[in-house]
Amino acid sequence: MRDLQLLLQHLFHPAWQRWVRFDISGLEHLPAHGPGVVAFNHRSYADFFVLAQLVRRGGRPLRMLAKKELFDVPLVGAICNGMGGIPVDRAAPGDAPYAAAVAALQRGDLVGLMPQGTIPRGAAFFDPVLVGKPGVVRMAQATGAPVIPVGIWGTEVLWPRSAKAPRVSRWRAPVPVRVRIGPPVELVGESVEADTARVMAAIVDLLPPEARVAHTPTEAELRSTDPNGDLPAT
């Protein structure tokens, strides 16, 4: 993984990514040593470019849990595999990905995941309330690792779900991508569900103000959330 980290430092240097402009703050909240569960919101396949930037700038590999299909996406899959990513096969029963993530945390690794599980489609994509699955809290409880929230905004412009590839032609007008990393989320322990809600609320707090306001999407915006550019079924 160290070799890939060095590769990412060069391949994802801003000089080679003139089609996107990253605005990243809060890197000091990523643990310099020891385990950590890094929880992102999910807006685009280009979220994994953010992963590459955090590795490049933060100086530590980040093992991502991601659905198995993403490991087949060009470039995205290469990043996931090279960083020791943990594929999640939603069609297969069992807790193998969870067990692999816990083992990685127990070894002192950083493990990243997107508690939403997938990019929301249709009107749900614009909902200011994020709903997450409990795995992030279960991992933290099992290992004592802190949960570090990360709020991503703008990757959906760089690579809409309806597009087959990122918009790498925007050299003259690079897409702004905003990334905020917050301090560890305090997990109270009253219930997994309540602590999961705390993690998701902490992520929302890191997003820009417009993300926290209810929005009625246009037809074009709704189509952009579908892989085929279709309107969601009503």
Side-chain angles (χ1 to χ4, degrees), residues 1-67 70-71 73-86 104 109-116 119 130 136 146-161 163 165-184 202-208 211:
M1 287 194 291
R2 178 64 182 174
D3 289 342
L4 181 69
Q5 180 180 335
L6 293 173
L7 175 62
L8 292 177
Q9 289 177 352
H10 297 286
L11 183 61
F12 287 90
H13 191 279
W16 297 103
Q17 286 188 292
R18 293 173 57 189
W19 33 271
V20 58
R21 186 178 70 252
F22 288 103
D23 172 13
I24 300 175
S25 67
L27 285 166
E28 69 275 9
H29 295 305
L30 292 176
H33 307 282
V37 182
V38 186
F40 305 76
N41 62 315
H42 201 2
R43 298 191 64 78
S44 165
Y45 293 137
D47 294 342
F48 287 86
F49 296 155
V50 172
L51 157 65
Q53 286 298 318
L54 296 191
V55 171
R56 190 185 74 81
R57 302 185 189 197
R60 290 191 65 186
L62 178 61
R63 300 192 63 182
M64 281 297 297
L65 278 134
K67 62 182 181 180
L70 282 180
F71 285 75
V73 176
L75 187 57
V76 170
I79 294 172
C80 291
N81 279 307
M83 292 304 301
I86 302 169
D109 292 344
L110 290 181
V111 171
L113 73 161
M114 295 168 174
Q116 291 168 281
I119 306 169
L130 300 184
V136 60
V147 177
I148 312 300
V150 178
I152 300 173
W153 195 258
T155 50
E156 73 285 354
V157 179
L158 177 60
W159 193 345
R161 196 170 190 181
R167 293 171 169 168
V168 296
S169 62
R170 292 190 51 164
W171 290 68
R172 295 182 182 276
V175 176
V177 170
R178 180 184 187 274
V179 184
R180 296 292 182 268
I181 307 163
I203 294 173
V204 171
D205 286 345
L206 296 170
L207 301 177

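Heavy-atom basis, side chains included; hydrogens, waters and symmetry copies ignored.
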Just verifying a value: how many Å separate Arg60 CZ and Leu54 CG, rounded to the nearest 0.5 Å? 12.5 Å
Restricting to non-hydrogen atoms, name the atom on Arg57 and the atom on Leu27 that form the minimum distance, rounded to 0.1 Å. CB-CD1, 3.8 Å
Counting C-beta onward and ignoring hydrogens, is there a side-chain heavy-atom pair between Val20 and Pro174 closer than 4.5 Å? no
What's the shortest heavy-atom distance between Ala66 and Phe48, and which atoms? CB-CZ, 3.9 Å
Using the rule given for side-chain contact (heavy atoms from CB on, under 4.5 Å), can you reason through Leu65 versus Val111, listing the C-alpha separation, both sets of side-chain angles and the distance that settles it, and then say yes or no? CA-CA 7 Å; Leu65 278 134; Val111 171; 3.8 Å; yes
Quick one: side chains of residues 31-44, donor-acceptor pairs under 3.5 Å with protein atoms, not counting sequence neighbours, listed by atom name and distance.
unit_1 : atom_1 : unit_2 : atom_2 : d
Asn41  : OD1    : Ile152 : N      : 2.7
Asn41  : ND2    : Ile152 : O      : 3.0
His42  : ND1    : Asp47  : OD2    : 2.7
Arg43  : NE     : Glu156 : OE1    : 2.8
Ser44  : OG     : Ala46  : N      : 2.9
Ser44  : OG     : Thr155 : O      : 3.1
Ser44  : OG     : Trp159 : O      : 2.7

Please report the shortest heavy-atom distance between Phe49 and Leu158, naming the atom on each side. CD1-CD2, 3.8 Å
Quick check against the 3.5 Å criterion: does Arg178 have a side-chain atom that pairs as donor or acceptor with the backbone of Ile24? no
Are side-chain heavy atoms of Ile203 and Val150 found at a separation under 4.5 Å? no
Can you measure from CZ (Arg63) to CG (Asp109) and round to the nearest 0.5 angstrom? 6.0 Å
Can you check side-chain contact (heavy atoms from CB on, under 4.5 Å) on Leu206 and Trp153, steps first, answer last? CA-CA 9 Å; Leu206 296 170; Trp153 195 258; over 6 Å; no
Correct closest heavy-atom pair for Val50 and Phe22 would be CG2-CE2, 4.0 Å
Heavy-atom closest contact (Gly26 atom, Ile181 atom, distance): O-CB, 3.3 Å
Between the side chain of Arg167 and the main-chain N/O of Val157, is any donor-acceptor distance below 3.5 Å? yes
Could you walk me through whether Leu130 and Gln116 pass the side-chain contact (heavy atoms from CB on, under 4.5 Å) check? CA-CA 7 Å; Leu130 300 184; Gln116 291 168 281; 3.6 Å; yes
Pair Asp23 + Arg180: basic N to acidic O under 4.0 Å: yes
Taking every heavy atom of Leu207 against every heavy atom of Ala211, the minimum-distance pair comes out as CB-CB, 3.6 Å
